[in-house]
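Start at 1 and go down the list; that is how both ligands and their atoms are numbered.
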Amino acid sequence: MLKVTAPAKINLFLDILGTLDNGFHSLFMVMQSVDLCDEITVDKGEGGITLTCSDNRLPQDEKNIAYKAAKAFFEATGIEPNAVIHIEKKIPFEAGLAGGSADAAAVIVGLDELYGTQLSKQTMCEIGLKVGSDVPFCIKGGTCIAQNRGEVLSRVKPLKKCFIVLAKTEKGVSTAQAFAAADKAHIYHPDNLKMLEACSNGDFEGICKHASNVFEQVIEVVERVEIKEVMRLCGAHLYQMSGSGPTVFGIFEDKEKAEKCCDELKKICNNVFLKKPVKYGAKIQ
Ligand code: C5P
């Protein structure tokens, strides 16, 4: 039996550039792994794929993206399907934190180890992309520019040591609906080149200054203004929604300020986490 750590991600930047021929959107993103992690166990069983999850609100069958990832792994390697998967859920779902993609990434990384297939990261990412656009990043992890569907990944300098406060409001957001809303709206585009420059230089101030997420223009999260205001008053350098939301994150250099911010946010929000950036994606424990 193997245990795999599956870190969540936040988007330091997200711009929608257009629509691709395959119906997906062409994106320019800066992704950052954070140490809010699901724990996935993978083992061989008596044939077939079985999946259980600590949170029974999530599907525990072939509809679960982690199940789909296992299926894609066996199809790609030609190995007879045989996996028992359990997901210990810590990452909130429909949150803009790639919780499902993180699980899928962990399953692929775990099965590769379990079966000794020694797939390259690139091959694992290709298998992952079959089940979700964020899976390749969740395999690679760290700090990356992500383009096209999100699978064209370039590693940039790691985000400097900081504290990341995450606040997830109750109502989840469907990514598909968020893209549909963006298609109908006129989007104002942020400065991608300035963000690229800041990331390439590991310029923390520049990253905070040029960070942006265009989904904030089309996705309404009732509590977002209030959450951001708490983060600002507590001294966050950056406060922004992640992905298609609703999670809002705040970045602090000072741990005490971040802790104080968590205390304040807990008064208005049920899911509040104090986390750090990490340099890894799905990894065997
Ligand atoms: O690939 P994934 O399953 O994460 O995508 C979820 C939803 O977001 C899908 O509806 C997909 O069409 C949309 N999406 C998109 N462009 C991307 C990534 C996702 O339109 N680059």
N/O contact list for ligand 1, threshold under 3.5 Å:
unit_1: ligand 1; atom_1: 1 (O); unit_2: Ser133; atom_2: N; d: 2.9
unit_1: ligand 1; atom_1: 1 (O); unit_2: Ser133; atom_2: OG; d: 2.6
unit_1: ligand 1; atom_1: 16 (N); unit_2: His25; atom_2: N; d: 2.8
unit_1: ligand 1; atom_1: 20 (O); unit_2: His25; atom_2: N; d: 3.4
unit_1: ligand 1; atom_1: 20 (O); unit_2: His25; atom_2: ND1; d: 2.6
unit_1: ligand 1; atom_1: 21 (N); unit_2: His25; atom_2: O; d: 2.9
unit_1: ligand 1; atom_1: 21 (N); unit_2: Arg149; atom_2: O; d: 3.0

| request: Return each pair, listed once, that meets salt bridge (charged side-chain N to carboxylate O under 4.0 Å, His left out) where at least one residue sits in residues 214-231; pairs must be two or more places apart or across chains. | output: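 Listed once each, the pairs are Glu216-Arg224, Glu216-Lys228, Glu229-Arg232.
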| message | Tell me if the aromatic rings of Phe28 and Phe13 count as close, with their centers under 6.0 Å from one another. | response |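 Centroid distance Phe28-Phe13: below 6.0 Å, so yes.
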| Would Phe24 and Phe179 count as a close aromatic pair, with their ring centres under 6.0 Å? |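 Centroid separation for Phe24 and Phe179: 6.0 Å or greater.
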| Does NZ in Lys44 sit with more than 12 non-hydrogen atoms of other residues, nucleotides or ligands closer than 6.0 Å? |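 Correct, the count exceeds 12.
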| said: Does this structure show an ion pair linking Asp103 with Lys89, if we count only N-O contacts that are shorter than 4.0 Å? | reply: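 Yes.
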| task | Could you check whether the rings of Tyr115 and Phe73 sit parallel, tilted or perpendicular, using 30° and 60° as the cut-offs? | result |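 If you compare the ring of Tyr115 with that of Phe73, the planes turn out tilted.
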